[in-house]
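Heads up: the structure comes next, in structure tokens.
Source: prediction; values computed, not measured.
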Amino acid sequence: MARSYQAIGRALSSEEGDEHPKLWATNGDSEASTSKTITFEKEVDESSNWMEGLPHDVTVAILQKVGVIDILENVQHVCPSWHEICQDPALWRSIDMSNINHSYTSYEMFEIIKQAIDRSCGQLIDLNLEYYCNDDILKYITDRKNQVRRLKLVTCRDITNYGLSEAAKMMPSMEELHLHSVRITEVGLENVGRSCPGLKSLTHNRFSALINVDDPNSEALAISRTMPQLRHLSLVGNSMTNTGLQAILDACPHLESLDLRRCNCVDLSGELGKKCSSLKTFHHPNEFIVDYDSEKFYYYYNSDEDYDDYNYNSGDYENFIEYSD
């Protein structure tokens with residue numbers, strides 16, 4: 001039980017105290033109201049029922065900061081009222097499984113993810129998964145009628161073009177798709193664009209040199225053909241040339257931000273460079289990457305195992321049959 005209160009204390013201590021005036025007042029601890037030197041964790045540990053009087057929506061907002069694993073393994077077992085709140089689908093509309101403890105096996109993590117998805121009861125709209133996602137998990141999400149609007153997948157190497165395409169067909173309202181170091185090619189991107197016409201934000205960042213030697217612009221052209229509503233686009237490490245970049249700029253008139261870091265095959269010395277620089281936010285190919293975890297970026301960009309066993313003429317790319325309208 002103490003671990004549950006400590007988890008909540010850590011979640012709250014990440015916020016500024018002034019942002020939670022109601023929490024202090026409800027606690028009823030006069031010492032807490034006069035001294036900010038007492039940490040949230042200590043305060044929670046000393047008052048096991050301090051959240052009992054809070055409005056339901058406030059409690060849900062607090063527990064959302066605790067994290068999926070702590071809720072499922074600790075918080076929900078504290079008392080009947082907390083158990084009931086942890087069953088509320090509103091708590092599971094957003095699921096973040098990044099920066100998790102890797103002491104769990106893959107099987108255990110997949111089961112935890114499925115539990116979280118089940119509790120959303122079809123209300124899941126924002127999903128962030130790191131490492132632990134495959135085609136089966138994507139199907140699990142869509143089978144439960146979830147209309148995800150924002151999907152972020154980081155280093156989920158088992159997701160295929162086919163799996164993402166099938167999932168996208170069941171999530172036509174998706175507005176944001178963020179892919180970091182995954183095996184998705186132009187086939188998957190094009191099918192996502194066709195299935196999700198309102199897509200406004202796309203990230204397809206690559207931290208290794210997977211290059212389609214036959215057509216380095218294939219992904220850029222797939223984006224230009226199917227994603228005219230894009231406002232934000234990040235293509236770190238893409239192999240496209242000026243041909244692909246020009247196609248994107250011509251086909252996406254609403255584009256506000258563009259990230260071309262590590263896109264070393266484009267030449268921005270002329271008019272194309274001026275057009276890119278006129279966007280509200282633009283990251284040049286030569287810009288240093290400072291907003292990603294430096295160790296993680298270095299590993300994926302320099303690892304020998306990244307994509308050596310995968311190319312455009314093998315695996316799911318060869319066997320995948322492109323969908324048509």
Residue R93 excluded, over 12 heavy atoms near CZ under 6.0 Å: no

Approximate separation, where rounding is to 0.5 Å, of C276 SG and F282 CZ: 4.5 Å

Rounded distance [0.5 Å steps], CG in L129 versus CD1 in I117: 7.0 Å

Derivation of the side-chain contact (heavy atoms from CB on, under 4.5 Å) call for M240 and L235: CA-CA 9 Å; M240 68 179 169; L235 295 172; 3.9 Å; yes

Residues S120 and N146: side-chain donor-acceptor under 3.5 angstrom: yes

Exercise: identify the closest heavy-atom pair between C263 and V266: O-CG2, 3.2 Å

E219 versus N238, side-chain donor and acceptor atoms under 3.5 Å: yes

Flag side-chain contact, heavy atom, 4.5 Å: R157 against R183: yes

Non-hydrogen side-chain atoms of Q229 and L199 separated by less than 4.5 Å: no

Residue pair S257 / L279, side-chain heavy-atom distance below 4.5 Å: no

Polar side chain donor-acceptor pair, S269 to D267, under 3.5 angstrom: yes

R119 and Q76: side chain donor to acceptor below 3.5 Å: yes

Stepwise salt bridge (Lys or Arg N to Asp or Glu O under 4.0 Å) check, E175 with R231: CA-CA 10 Å; E175 298 181 355; R231 267 69 171 173; over 6 Å; no

Side-chain heavy-atom pair V68, I113 within 4.5 angstrom cut-off: no

Pairwise distance OG(S173) to CD1(I125) - rounded to 0.5 angstrom: 9.5 Å

Steps toward salt bridge (Lys or Arg N to Asp or Glu O under 4.0 Å) verdict (K275, E271): CA-CA 6 Å; K275 190 170 184 180; E271 290 300 318; over 6 Å; no

Rounded distance (nearest 0.5 Å) linking atom CG of N134 with atom SG of C156: 8.5 Å

Atom pair CD1 (I112) and CD1 (I95), whose distance is rounded to the nearest 0.5 Å: 12.0 Å

Flag side-chain contact, heavy atom, 4.5 Å: R150 against K152: yes

Any donor-acceptor N or O pair under 3.5 Å, side chains N161, T185: yes

Rounded distance [0.5 Å steps], OH in Y140 versus CG in D143: 9.0 Å

Test log, rule side-chain contact (heavy atoms from CB on, under 4.5 Å), inputs I69 and Y104: CA-CA 11 Å; I69 294 178; Y104 297 88; 3.2 Å; yes

Heavy-atom check, side chain of I137 versus side chain of F110, under 4.5 Å: yes

Side-chain H-bond candidate by donor/acceptor type, H232 with S201, under 3.5 Å: no

Cationic N near anionic O, under 4.0 Å, R149 to D126: no

NZ/NE/NH1/NH2 to OD/OE distance under 4.0 Å, K200 and E256: no

Exceeds 12 heavy-atom contacts within 6.0 angstrom, atom CD of E111: yes

Pairwise side-chain contact, S165 with V192, heavy-atom cut-off 4.5 Å (strictly under): no

